[in-house]
Structure formats: C-alpha cells, structure tokens
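Proteins get letters first, then strands, A, B, ... in listed order; numbering begins at 1 in each.
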Amino acid sequence: MAKGITKRSEDYAKWYTDVIFAAQLADYAPVRGCMVIRPNGYAIWEKMQQALDRLFKETGHMNAYFPLFIPESFMKKEAEHVEGFAPECAVVTHGGGKKLEEPLYVRPTSETIIWSMYKNWIQSYRDLPILINQWANVVRWEMRTRLFLRTTEFLWQEGHTAHATAEEAEAETRQMLDVYRHFAETYMAMPVIAGVKTEKEKFAGAVRTYCIEAMMQDRRALQAGTSHNLGQNFAKAFDVTYQTEGGTREYVWATSWGVSTRLIGALIMTHSDDQGLVVPPKLAPLQTVFVPIWHGDDERARSLERADALTSDWKGKLSFKIDERENYRPGWKFNEWEKRGVPIRIEMGPKDLEKDVVVLVRRDTGEKREVPQSQLLDVVLQTLDAIQQSLYDRALKYREEYTFYEDDYDSFKKKIDDPGGFFWIHWCGDRACEDRLQDETKATIRAIPLDKIEEEGRCLLCGNASHERVLAAKAY
RNA sequence: CGGGGCAUAGCGCAGUCCGGUGAGCGCACCUGCUUUGGGAGCAGGGGGUCGCAGGUUCAAAUCCUGCUGCCCCGACCA
C-alpha cells in the first residue's frame, strides 16, 4: 500500500515531499528554489483565500494592489527593515536593455511602497483608518528552500492598516491575530498557540510581533501567521502625518499582518498520514468522491444511473465527484483518492445496489460503514462535520501529548531532541540567554503566550528570576 | 557560503571502474482483447542530441579538462 510514499517514521522530510508529489500539489520549477503550484495544490489555496478574504471583509478591510517593484531608496528608509530584508532581496538592475538609474527591489513585503502611498492619501483624522489587504506574490532569496514552507517566491496576503491612535493600531493587530487563530482552528483544524515574539524574533521594523505557532507531526513548531504592530516606525520613515480633531499634527500608527502558502505545508504536516494527504473538509476542494463498481456494461449503466440519482440534490451542499472512469479499476481509484486526501469516499457495487446501501469510507480513520441510500446525504454531511472536528481533536491531543513543563536545562537538552515538542520554560527575558538557548540546543523561543502562564520561577539558562513561562521549540 | 550526492525516455534507475555486442530495465504512455469490491492480465507499439562545451582515440554514455543545473544536510528565514 501507498507505493512511493516514504513512511513518516522512516524519514519525515522525505515523507513530506512524497505526499506533495503523490497528491500532485506542486512540482519543482526550473528556477532554483521556486515551485509550481499544481491545480490540486492551488485549489486548496483558493479555499483558504475564500475563507480568509471573507473574514478580512467582515472586519472592514478592502483589497488593493501595489507594485511588485520597490525603489531601493524606499527599502532603505526604515533602518531595521532594510537590515532585516535587504540581504534576502532580489534586485533588478537593468530594464529595457539599459542599466537603471535606481535599482528596483522585488518586494519581499510591501510596507515601504504602501506607506509611500499612504503619505499621499492621509491628511486628516477623517482619512483614518485605512484598512487594506493585498493578495500577492513576494520574493525572498532564501539559502535553503522547501516546498510550500520556504520557497524563493511565494504567495500570501499582507494587510496594511493606518490608524489615528496607538490603541487602535494595537486593537487591529490583536484582532487580525485572532482572525488567524480562528482560521487555523476552525478551517484548518489546526490548534495554535497565540503569542508575542521576542525582540530577537520580531519582524524587522515592528514594535511588536504577534504570531500563531502550530506543532507539526515531527513535533517541530511552525509559525503559521503573524500580525505586527508597527507603531509609528513607517510613518516616521515616510513622513506620514495627519491633522487631529484638535488641529495638531501626529504621526500615523500602523499594522501589518500576513499568512502565506506556507499554510499548505502546515496543513500537510498536521493531518496527513503514510497513505498520503489528509485535508479537512472545510478546505477540501473535493469533499466526497463516489466510486461506482460494476461488472459489464449493463451493470455500469445501472450503477451510474443510481449514483446520479443519489447525488441529484447535492449541488450547493457539498463538493463531490462521481468517478466513472472505465480505464481504472476500483482499487486503483481508492488509492488515488486517498493519496489526494478526499475526506469521504463512497463505494457502491452490485451487492450494495441490491440492498439499497452504499459503503462510506472516512479518509481520516479508514473506517468503513454501510449507509442506507435513503439517508446518504444526511450521513455524508454529518460525517464531514465529524471529520473536521476529529482532525482538530486528534491534532490537539498530539500537541498536548508532546507539550512539557521543563525546569531542568540538562533534561531539556535531551528531550528537545527526543521526543521533541513544545516546552514551557522560564526565561529571564535576557537576549543573551535566548541566544545561548539557540546555540546550544537549536531550539528557539517561539512565543510568549497570550494566555499567560504566570508563576514565579528561575530562567532555564541563567537561573535569574522569571515571572511567566514562554514557549520553546525547534522550529521550521 | 560550507559538507554530501546526482545528471542516460515523462518518472525512477542499470550500464561508466575495464572505450567496441543493435543504449537497456521498471513504472507511466498509445492500440486491441479480457477484466473491474484495495494499485489488473496478455499481445503489440511509440518515445533518447546519454546535462553543456572542448579534448584523447579508428571508435566515447564510458577516459581527460572546463562549465552548468538540481537535490539533501548545516548557518539565515513566513
């Protein structure tokens, strides 16, 4: 079974790419570090986009589009920002056969070009807030790439908002983090820890970075989304001020937030198994596949006719497909749809036709059950909900099983390698201890949780006083 | 950028050490027949500038020189 997919227990990294190829989500492109997102993979991204886009609009945002190219001088206006991003940027030096007067950076993120425009759009407190989102591609010249998790070019959305007050900007930052948390948990069935990044880990140019962190099946952490409170840093860099109700001039407060096609990698590594992809029903491009089984032409006609009749009122209620291909046998089809992660498979052969039943198979558990044809739609809809819930529960249980409270550094060093996982540790807040942790264990402080774990303790590294626990893990 | 590996049909590989037999094997693909409840069987068929550029030789996938690309492991990162 599952020919061509390496077992997770043998080689997790190999398993990950095997699943991607088996489900035809993506392919390597002829350009180093770049990937082609194939229709099966892009369909998942589209489902994610639909859900997120709706959530953004419900919270008052509108979509817009800004240029791919950013003048070098813009990149250099915010000191931390340029330091963080310039080394990993692609730069265009020639156009139309001529050397450009000023090099153009291919956007690694759009704060600078967007704030150069906000400067023109904002004069008065009446112009605020500006709540814009952009769906775009960005380029970061990473040294090492992995399909979906880190590619030279990737797709994402980036929200960029402008506010009159610090409080409003902070509220927006937190609101969007919450949107991400909701999306991860409800749609991706992926439990996450929401928290604040340390100074070392925060976004280049931000005052504060919030994030959601998820545990993958190899017990490493994956940052699944970020929301930044940018303070007045970009407003100052681009001289964006507004006139208050009282007539004074103030710098504008900013936020930015984003999730990327990395979420597809997160989805794979949260739910999929040694048989291939597993997609939660809410993000599955195809939720149910119907595989009629027949011997001979008469039976084939009868089978297909019944399948059509049974699904006649399904349109608009769920996405489904009747696999009527003649050139593949049922076993081949079962395997094919399993690899592709379709949540429910319905088998209906001559024996079932006689009894007016079908066999319904769950992708997540492999469980098979006979279902009377008269109840099929109800059972399918219920089962889709049950799968969605059960995937979340399973992922949460797994995370909890590998989440530890750890106060002994030697013990930590052992456990971070085997079995690995999430570690709630005490940390004094000092950068030196954070650096040492990473140097000595490869683990990093992923987040200071929003659901605070307040208790007195001693820093795992230096032994100084600590008042709350932080999340440490090895990360992607 | 450091370390390792690979480049021969769409994919995965053998052949290279030791130059010479008609460039082969599995999967995939095409045609036909039989099949169809967990990756079907038989028969026939198509598909290759052996990564690129030089060199040695009567003769190069194979030997020599140079180049290029990709993958994996580390440091950087969504």
What distance, rounded to whole Å, do you find between the two [atom1] atoms, one in [N] and one in [M]?
N	M	atom1	result
B:rU62	B:rC17	P	9 Å
B:rG22	B:rC18	P	24 Å
B:rA61	B:rG51	P	10 Å
B:rG10	B:rU57	P	34 Å

[X], nearest nucleotide to its side chain (from [options]):
X	options	result
A:Arg262	B:rA78, B:rA40, B:rG38	B:rA78
A:Lys442	B:rU36, B:rG39, B:rA75	B:rA75
A:Phe334	B:rG38, B:rA78, B:rG74	B:rG38
A:Val359	B:rG74, B:rG37, B:rA78	B:rG37
A:Trp332	B:rG37, B:rG39, B:rU36	B:rG39

> Would a 4.5 Å heavy-atom cut-off, applied to side chains only, mark A:Ile264 and A:Tyr42 as touching?
Replying inline: no
>> Just so I know, are the side chains of A:Tyr392 and A:Glu185 near enough to count as touching, which here means a heavy-atom distance under 4.5 Å?
In response: yes
Between [atom2] on [N] and [atom1] on [X], what's the gap in Å once rounded to a whole number?
X	N	atom1	atom2	answer
A:Lys333	B:rU36	NZ	C1'	8 Å
A:Arg220	B:rC73	CZ	C1'	12 Å
A:His295	B:rU34	NE2	P	16 Å
A:Leu267	B:rA78	CG	P	21 Å
A:Met216	B:rA78	CE	P	15 Å
A:Phe21	B:rA28	CZ	C1'	16 Å
A:Gln438	B:rC76	CD	P	6 Å
A:Glu142	B:rC73	CD	C1'	17 Å

> Step by step, would you call A:Ser256 with A:His160 a side-chain hydrogen bond (donor to acceptor under 3.5 Å, both in side chains)?
Replying inline: CA-CA 5 Å; A:Ser256 70; A:His160 295 274; 4.7 Å; no
>> Using heavy-atom distances to pick each residue's nearest nucleotide on RNA chain B, tell me which of A:Val361 and A:Lys200 is more 5'.
In response: A:Val361
> Under 6.0 Å from the six-membered ring centre of A:Phe422 and within 45° of its axis: does the NZ or CZ of A:Arg446 meet both?
Replying inline: no
Would you mind pulling out the nucleotide paired to [N], Watson-Crick or G-U wobble, both distances under 3.5 Å?
N	result
B:rG69	B:rC6
B:rC42	B:rG32
B:rA59	none
B:rG22	none
B:rU16	none

Remember a base hit wins even if backbone is also touched, and classify [X] as base, sugar-phosphate or nothing at under 4.0 Å, heavy atoms.
X	answer
A:Pro87	nothing
A:Leu149	base
A:Lys351	base
A:Gln223	sugar-phosphate
A:Thr226	nothing

> Take atom CG in A:Asp410; do more than 12 heavy atoms of anything else shown fall under 6.0 Å from it?
Replying inline: yes
> Can you tell me if CD on A:Glu305 sees more than 12 non-hydrogen neighbours from other groups inside 6.0 Å?
Replying inline: no
>> Using side chain to side chain contact (heavy atoms under 4.5 Å, CB included), reason through A:Leu131 and A:Met62 one step at a time and then give a plain yes or no.
In response: CA-CA 6 Å; A:Leu131 304 172; A:Met62 291 181 77; over 6 Å; no
>> Parallel, tilted or perpendicular, judged at 30° and 60°: which one describes the rings of A:Phe238 and A:Phe74?
In response: perpendicular
> Hey, is A:Trp156 stacking on B:rA78? Ring centres under 5.5 Å, planes under 30°.
Replying inline: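 Check failed, A:Trp156 does not stack on base of B:rA78.
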> Are any side-chain N or O atoms of A:His271 and backbone N or O atoms of A:Val278, one a donor and one an acceptor, separated by less than 3.5 Å?
Replying inline: no
> Can you tell me if A:Thr17 uses its side chain to pair, donor with acceptor, with the backbone of A:Lys14 under 3.5 Å?
Replying inline: yes
>> Across nucleotides 67-72 of chain B, 5' to 3', mark each nucleotide with B, S or - according to how protein heavy atoms within less than 4.0 Å reach it.
In response: ---SSS
Is there a donor on the side chain of [X] or the base of [N] sitting less than 3.5 Å from an acceptor on the other?
X	N	answer
A:Glu336	B:rG39	no
A:Arg329	B:rG41	no
A:Lys368	B:rG38	yes

